[in-house]
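A short write-up of the structure that comes next.
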Amino acid sequence: MTKVRVRFAPSPTGELHIGGARTALFNYLFARRNSGTFVLRIDDTDLERSKEEYTEKLMEALQWLGLEWDEGPFYQSNRLNEYISEVNRLVAEKKAYRCYCSVDELAAGRELARKENRAYLYPGTCRQHFPEEDDHRSKAGIKPAIRLLTPEDGETIVYDLIRGEVHFDNRGLDDFIILKSNGQPTYNFASVVDDLQLKISHVIRAEEHLSNTPRQVLCAMALGYQLPTYAHVPMILAPDRSKLSKRHGATSVEEFRNLGFLPEALINYMALLGWSPGAEDGVSELIGIEHMIELFSLARVGKTAAVYDTDKLTWMNGQYLREYDLDRLAEAARPFFIKHGFLRENPGEMELHFLKAVIAVVRERAKTLIELAEKSFYFYSDDFAYDQKALDKAFKNKGVAAILLDIAGLLKALNTFDQNVTETVFNEYCAKNNISPGKVIQPVRLAITGLGGGPGLFEIMELLGPARTIRRIQQAAASIRNTPQ
RNA sequence: GGCCCCUUCGUCUAAUCGGUUAGGACACCAGCCUUUCAAGCUGGCAGCAGGGGUUCGAAUCCCCUAGGGGUCACCA
């Protein structure tokens, strides 16, 4: 068996989106599952659109997701000599030829084909002009592009692990350009040279590349190398079933990160888009990366494009949020708390300790880190309005202000303020006055949090401490008295 | 338009060689639990794109139609 070597080869023309990230994930899982090597390559042959900052962001996103690569990054822009020498070889072997057709000429041909409603194929104008005849043109300073000489009939077959044999009629393939007149290789060529020279055993990539694969197969055959095995994974579509783009809201890994999703949740969610672990009944879909590596197989990758659904991602994130290691969660949540002004840029020991305590309580009802921070506001600010619905429910009863004042008085008399003590105080008060606990707890909750729901009241009070708790209860009582019923 | 791929609940998916009341998850609805809100538990709603074959029997195999997606550049 040849050693498994796979690659993820993004072009640095934008942020890493969920489709690319999932392709990277599948490559990673496949490599790990088969004790292979995961190579990162940056396909930056398009000088116009490639940007270094995107390369940085791409790598940052991969690292954040935990998809560590074993080799690379290799840059196509650094490998120009390899491509040129391979192109020269093909020209020398008469498997490729110089083309002097102008861009305008070609565009006109395409335009005509479009008008006549037929597919455009390069007519092979320059096929006959083998080297000698080109001399005078090159002397005139015209730079040629190089085209691959492709077969006129027969078929090219792509062997795909997910789709089986895919046949392409060679009559539908023309002599495409492998080296542009500016001296840069085209994607189809550079990619093949790299895959071959890097000894990639399996090319796992998105389905959008399937139609280009016969061209790559032709390149590889002309170059005389052994072909890698292909696996074209289904696309991830936007909710409107179209290809992902900016107008679809959050699509990039970075955006999901900023929206408060955890990398493990995103990984878990993406893995299930197209791949299925086998789905026996009652088996959880919550799968950590290690378990995923054990279970992964391309045979269980489906053929249908998936529409991503943020609801399920959100649910999954909530699941991870609850189980996460508290220290790591606090670390991940920090920026979100800072953004709300709940935390300083360089918080001290005490603040971090308090942060963890708050998170431990609030995370039970948050699904994203944004929500986690938002739902923690009353631990950091006295300045909040009462929720109207909760107010109508909890503050409307006649004796509420008096009850609040009673409670404030009882709390004030306490030496210790932990949740066991305060709960006992509440219970005794209710029993003595024959009031149901809810009639006391809910108004107090509203007084100290402004909300009708949330964590256990006694947990909140302990975290908040006696001073703030009592003050808020007294203020609530006062505001009820001052409001005409 | 040519070529290529695809088609199971709203969404993600399962159903190894054709025989299942077509299963699970998210979302949604209801109930239970609870000081509340979540979580959790229980139950419910909901699908084989359509039409022909083949077969005793088809979600599963074949053909056609429809729909979706991809690709056809001196982009990747």
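By convention in this document, chain letters (A, B, ...) are assigned in the order of the sequence lines, proteins followed by strands, and residues within each chain are numbered from 1.
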Please report the distance separating the [atom1] of [N] from the corresponding atom of [M], rounded so that it comes out in whole Å.
N: B:rA25; M: B:rA66; atom1: C1'; result: 30 Å
N: B:rC62; M: B:rC75; atom1: P; result: 40 Å
N: B:rA59; M: B:rC17; atom1: P; result: 15 Å
N: B:rU11; M: B:rG68; atom1: P; result: 14 Å
N: B:rU13; M: B:rC56; atom1: C1'; result: 32 Å
N: B:rG10; M: B:rC45; atom1: P; result: 14 Å
N: B:rU55; M: B:rC63; atom1: C1'; result: 16 Å
N: B:rG31; M: B:rG67; atom1: P; result: 44 Å

ask   = What is the pairing partner of B:rU55, taking Watson-Crick or G-U wobble pairs with both distances under 3.5 Å in any strand?
value =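 With both distances under 3.5 Å required, B:rU55 matches none.
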Within the pair [X] and [N], is there a side-chain N or O less than 4.0 Å away from OP1 or OP2?
X: A:Lys393; N: B:rU36; result: no
X: A:Lys180; N: B:rA76; result: yes
X: A:Lys375; N: B:rC37; result: no
X: A:Arg110; N: B:rC74; result: yes

So, [X] and [Y]: side-chain donor and acceptor under 3.5 Å apart, yes or no?
X: A:Asn188; Y: A:Thr186; result: no
X: A:Arg147; Y: A:Thr125; result: no
X: A:Gln388; Y: A:Asp392; result: yes

message = What residues from residues 151-166 of chain A pass a heavy-atom cutoff of under 4.0 Å to RNA chain B?
response =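 A:Arg163, A:Val166 - these, ordered by number, are the residues of the stretch whose heavy atoms sit under 4.0 Å from the strand.
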ask   = Does A:Arg363 make a cation-pi contact with A:Tyr324, if we ask for NZ or CZ under 6.0 Å from the ring centre and within 45° of the axis?
value =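 Not satisfied by the 6.0 Å and 45° rule.
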key: Closest listed nucleotide, where the reference is the side chain of A:Asp309 and the choices are B:rA76, B:rC26, B:rA25   =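 Taking heavy atoms from C-beta onward, the closest nucleotide is B:rC26.
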message = Can you tell me whether the side chain of A:Asn212 and the base of B:rA76 have a donor-acceptor pair closer than 3.5 Å?
response =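 It does, because a donor-acceptor pair links the side chain of A:Asn212 to the base of B:rA76 below 3.5 Å.
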query = Under 3.5 Å, is there an N or O donor on one side and an acceptor on the other linking the side chain of A:Glu208 and the base of B:rG69?
reply =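 Looking at the base of B:rG69, it does not pair with any donor or acceptor on the side chain of A:Glu208 (distance under 3.5 Å).
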Classify the ring geometry between [X] and [Y] as parallel (under 30°), tilted (30 to 60°) or perpendicular (over 60°).
X: A:Phe384; Y: A:Tyr386; value: perpendicular
X: A:Phe296; Y: A:Phe26; value: tilted
X: A:Tyr187; Y: A:His209; value: tilted

Show the distances under 3.5 angstrom between N or O atoms of the protein and N or O atoms of nucleotides 40-45 of chain B.
unit_1 : atom_1 : unit_2   : atom_2 : d
B:rG40 : OP1    : A:Gln319 : NE2    : 3.3

inquiry  = Within the supplied structure, the quantity of interest is the number of heavy atoms (other residues, nucleotides, ligands) at a distance under 6.0 Å from A:Glu165 CD; does it exceed 12?
reply    =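 Enclosed.
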request  = With A:Arg7 as reference, evaluate A:Asn27, A:Asp195, A:Asp43 under the side-chain hydrogen bond (donor to acceptor under 3.5 Å, both in side chains) test and give the passing residue.
outcome  =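 Testing A:Arg7 for a side-chain hydrogen bond (donor to acceptor under 3.5 Å, both in side chains) against A:Asn27, A:Asp195, A:Asp43 leaves exactly one candidate, A:Asp195.
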key: 5' precedence on RNA chain B between A:Gly452 and A:Lys303 (nearest-nucleotide basis)   =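 Result of the comparison: A:Lys303.
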Please enumerate all protein N or O atoms sitting under 3.5 Å from an N or O of nucleotides 28-35 of chain B, with distances to 0.1 Å.
unit_1 : atom_1 : unit_2   : atom_2 : d
B:rU35 : O2     : A:Arg445 : NH2    : 3.3

